[in-house]
Amino acid sequence: MFLPSFWYPVLEAKLRVAVLVSKAAFQFIQGAQLSDYKVPEEVKDAGFQICGDELGSIVEGHDVKKFRYHGGVNGVAEKLSTSITKGLSNDPDSLNRRQRIYGINKFTESAARSFWVFVWEALQDMTLMILGVCAFVSLIVGIATEGWPKGAHDGLGIVASILLVVFVTATSDYRQSLQFKDLDKEKKKISIQVTRNGYRQKMSIYELLPGDIVHLAIGDQVPADGLFVSGFSVLIDESSLTGESEPVVVNSENPFLLSGTKVQDGSCKMLITTVGMRTQWGKLMATLSEGGDDETPLQVKLNGVATIIGKIGLFFAVVTFSVLVQGLMMNDKALVRHLAACETMGSATTICSDKTGTLTTNHMTVVKTCICMNSKEVSNKTSSLCSELPESAVKLLLESIFNNTGGEVVVDKDGKREILGTPTETAIGIWLVIRMSVVVQLPGGGLRAHCKGASEIILAACDKVLNSNDPIPASGYTCIGVVGIKDPVRPGVKESVAVCRSAGITVRMVTDDGIAIEGPDFREKSQEELLELIPKIQVMARSSPLDKHTLVKHLRTTFGEVVAVTGDGTNDAPAFMKPTLDLQWALLELSADVIILDDNFSTIVTVAKWGRSVYINIQKFVQFQLTVNVVALIVNFTSACLTGTAPLTAVQLLWVNMIMDTLGALALATEPPNDDLMKRSPVGRKGNFISNVMWRNILGQSLYQFMVIWFLQSKGKSIFSLDGPDSDLVLNTLIFNSFVFCQVFNEINSREMEKIDVFKGILDNYVFVGVISATVFFQIIIVEYLGTFANTTPLTLAQWFFSLLVGFIGMPIAAQLKKIPVRST
């Protein structure tokens, strides 16, 4: 089930309330006398001894009494007809029976909204409602005064414009919903390690059934409700359910694991007991019916601009209405919406990136070893390791590796051996497994502790090094060997980091590996030292989740940075906590605002470029929109005050509004990004949305267009020898036509706010070319053939040429305006 990122704050509040209510209910039930549990006949007939509701009440209610009553983990596993060591059988009949009794591990998805739902939502726009009322009044007054059908032309024209806006908006939103649905499908491709048929394998979380044995590691999301089987140092982040920031310790004493929570530390095996809609997460998701809509920084700025324009427009409309007894509210809102994290990324000033799997390929291989003081390069050729080391050292080495690992050697369906585990364990395992096999057994029944980890930490703890001829020490830590593992840098990362730096974006590598400042040193710094240190940090190694969280929090709150965090799900979850960040992305499904499907740092350049493109494109659109607004308002206001008539009628203004909003947004907001965007400095949190450059272009173009229209109003009749009863209609049509073509060419000018060459790449943007072509085509239709509706009359070729000429002259004027130097902010 896909949930947009802006729903999370509302969801969290609802989840917390629902969790508290659920716990209270279960505590009440626990207070009652525990009676003998009776297995439903249907469950018995299927070969099981416990039903789904009973399993749900144990885990969801953390019911220790019921848990012990059913025999603990082993007892529950037995009643589920599964093995804690071998897991479920792959027998299809058995799996089908289990699925029929306990359900599947999928949430009930809400029905897809139809196109007509989006049409209805588009009709809720306040401006369209007002226009609808105006259309109704116009129809009543027009028919009453001029009769049918002549008196209905204005009203029907307004209705047609409303329908066009509604269907264009609904179509855009409907297509966006289909894209979200496709993204949701990609997000659901999540695999986890499961033991079935006695061996460990990767499996989709949606194929899990009660009785499955799942292996969890740090960073994993718990895929269903279940019970702790075995493991160590398991800390579970339940904040997604309860809102509590403190992690919960899970062990044999507190074995309850809930779907939707995350493993913050440690690793374990869990027994799946409840799946899908029977889990606590599933029940809570079923209760959610509403979502909030948090505005991004850019949306806040746009709303501020729209509010100011709206107030100015309303003032002029009221005055004009008092003069003409006729008015029209202009629609000044931007139609490009739901930009969220993408546009925030365009303002990012800092990127905190994980190393493993993001900057590197996460495909580790052993390249060098030093065992028993024997240093050796490792190649793809068969190694003579066994012949070069004493048998006792080889046995000890194998014992250490295979007994001290969370990885496992399995045989796939094709009979090939595969290593499952972390990349580090896989690298060491492949290095050994392809050459030898071993059965680990402690000699003489004694006990021996094996440790592995970062070389500097392990070596610091050792007081001896194993030599070829030395006996195995009976006490203390002895270094058996050091293994060099290579994790290659992803192709293009170096170039991508360079591009980010040239774009004014600071890249900081925050990882649990490597060198530079280390997490333990970082967390020991005082507040004053942190304020001095953090701006200089480029690499922070050996960092804990809390270290990452602290760094990001200070960058965002203390230094006012717009921070983007990348990661692959390991040790990154706390840094992704809302409300810590403005922007998040990674393969962390529920925490991420932007999902990078290839988990490649090079994609950051593309995301940042698109983010800046969104920001710049909306600036272009607002510049274009403000120019149209300023000219239309001033022209109609001054004309109404001085002459008692307005040259632009209501239907004509609706068509201009269509050019300005719907078509303008489609044309300018779809401009593709270019490499020059990454040569600009980031806008950051405090940059003005309407820049001085925009004001220069807006005022210059507005002045030119106003002078053209005023010139036509005062001298148009004499220049074109207009007289007779239709002279005013012809003149107003010429003014309307010239005004529209000024907007057409100004739309082309708006493709670049600072550069003179506005035609570069114009043919690559098919949407822009299509919008301009459609605007010109419909303008011809409106003037030549829809005069009755639009209050226009056909123009001569000379008048058409004049309209095109005055529109085109706006382009060299725009080029000269761009040469006027202004401060960027």
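Here, residue 1 is the first one in the sequence, and each next residue gets the next number.
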Query raised in the report: Among H215, K86, K269, which one satisfies side chain to side chain donor-acceptor pair (under 3.5 Å) with T195?
Result: H215

Report summary line: Output for pair (S267 OG, D220 CG), nearest 0.5 Å, gives 9.5 Å

Report task. Considering non-hydrogen atoms only, spot the tightest contact between I101 and A46 and give its length. Result -> CG1-CB, 3.6 Å

**Report entry** For E78, salt bridge (charged side-chain N to carboxylate O under 4.0 Å, His left out) partners two or more places apart
**Finding:** none

Query raised in the report: Does the side chain of I50 reach to within under 4.5 Å of the side chain of L80, using non-hydrogen atoms?
Result: yes

**Report entry** Student check: side-chain heavy atoms of V250 and M270 closer than 4.5 Å
**Finding:** no

Requested in this report: Please name the pair of heavy atoms, one in N105 and one in G276, separated by the smallest distance, quoted to 0.1 Å.
Outcome: OD1-N, 3.0 Å

Query raised in the report: Is the shortest heavy-atom distance from the side chain of T261 to the side chain of D237 under 4.5 Å?
Result: no

Query raised in the report: Taking all atoms of both residues into account, what is the closest heavy-atom pair of G211 and R98, and its distance?
Result: CA-NH1, 4.2 Å

**Report entry** R113 charged N/C atom sitting above F118 aromatic ring, 6.0 Å / 45°
**Finding:** yes

**Report entry** Criterion side chain to side chain donor-acceptor pair (under 3.5 Å) against E54, the qualifying member of K38, Q49, K79, H70
**Finding:** H70

**Report entry** Criterion side-chain contact (heavy atoms from CB on, under 4.5 Å) on C268 and F232, from CA distance to verdict
**Finding:** CA-CA 6 Å; C268 69; F232 62 93; over 6 Å; no

Query raised in the report: Rounded to the nearest 0.5 Å, what separation is found between the CG atom of N254 and the NE2 atom of H62?
Result: 5.5 Å

**Report entry** Step-by-step side-chain contact (heavy atoms from CB on, under 4.5 Å) determination, V263 to I236
**Finding:** CA-CA 5 Å; V263 181; I236 299 296; 3.9 Å; yes

Requested in this report: Evaluate the criterion side-chain contact (heavy atoms from CB on, under 4.5 Å) for residue pair V214 and L208; output intermediate values, then yes/no.
Outcome: CA-CA 9 Å; V214 173; L208 295 177; 3.9 Å; yes

Query raised in the report: Are side-chain heavy atoms of V64 and Y69 found at a separation under 4.5 Å?
Result: no

Query - CD on E561 to CZ on R556, rounded to 0.5 Å - result: 12.0 Å

Report task. May I ask you to test the V222-L258 pair for a side-chain heavy-atom distance under 4.5 Å? Result -> no

Query - Salt-bridge contact K262-E238 (side-chain N to carboxylate O under 4.0 Å) - result: no

Which donor-acceptor pairs under 3.5 Å do the side chains of residues 88-96 make with protein atoms, sequence neighbours left out?
residue : atom : partner : partner atom : Å
S89     : OG   : D91     : N            : 3.1
D91     : OD2  : S94     : N            : 3.0
N96     : ND2  : P92     : O            : 3.2

Query raised in the report: Quick check: are there more than 12 heavy atoms from other residues, nucleotides or ligands sitting under 6.0 Å from CZ of R100?
Result: yes

Report task. Could you grab the distance from atom CD1 of I272 to atom OG of S259, nearest 0.5 Å is fine? Result -> 8.5 Å

Query raised in the report: Does any N or O in the side chain of D225 come within less than 3.5 Å of the main-chain N or O of V59, such that one atom is a donor and the other an acceptor?
Result: no

Report task. Could you please spell out the steps behind the side-chain contact (heavy atoms from CB on, under 4.5 Å) verdict for T550 and H554? Result -> CA-CA 6 Å; T550 302; H554 277 295; 3.6 Å; yes

Report task. Compare all side-chain heavy atoms of V249 with those of V234 and state whether any distance is below 4.5 angstrom. Result -> no

Query raised in the report: To the nearest 0.5 Å, what is the distance between CG (L227) and CG (L271)?
Result: 5.5 Å

Query - Pairwise salt bridge (Lys or Arg N to Asp or Glu O under 4.0 Å) hits with a residue in residues 271-282, at least two apart - result: D53-R278

Query raised in the report: Is the shortest side-chain N to carboxylate O distance from D212 to R196 below 4.0 Å?
Result: yes

Query raised in the report: Between F256 and F228, is the gap from one ring center to the other below 6.0 Å?
Result: no

Query raised in the report: Hey, does the side chain of T279 reach the backbone of V275 with a donor-acceptor pair shorter than 3.5 angstrom?
Result: no

Query - Minimum side-chain heavy-atom gap T350-R508 below 4.5 Å - result: yes

Query raised in the report: In a check of side-chain contact (heavy atoms from CB on, under 4.5 Å) between Y102 and each of L209, L55, T274, which one passes?
Result: L55

Query - Distance (rounded to the nearest 0.5 Å) between I218 CD1 and L235 CG - result: 9.0 Å

Query - Contact check, side chains of Q221 and I192, non-hydrogen atoms, under 4.5 Å - result: no

Query raised in the report: Looking only at heavy atoms, what is the nearest atom pair of S81 and F48, with distance?
Result: OG-CD2, 3.8 Å

**Report entry** Donor-acceptor contact present, side-chain S57 to main-chain D63, <3.5 Å
**Finding:** no

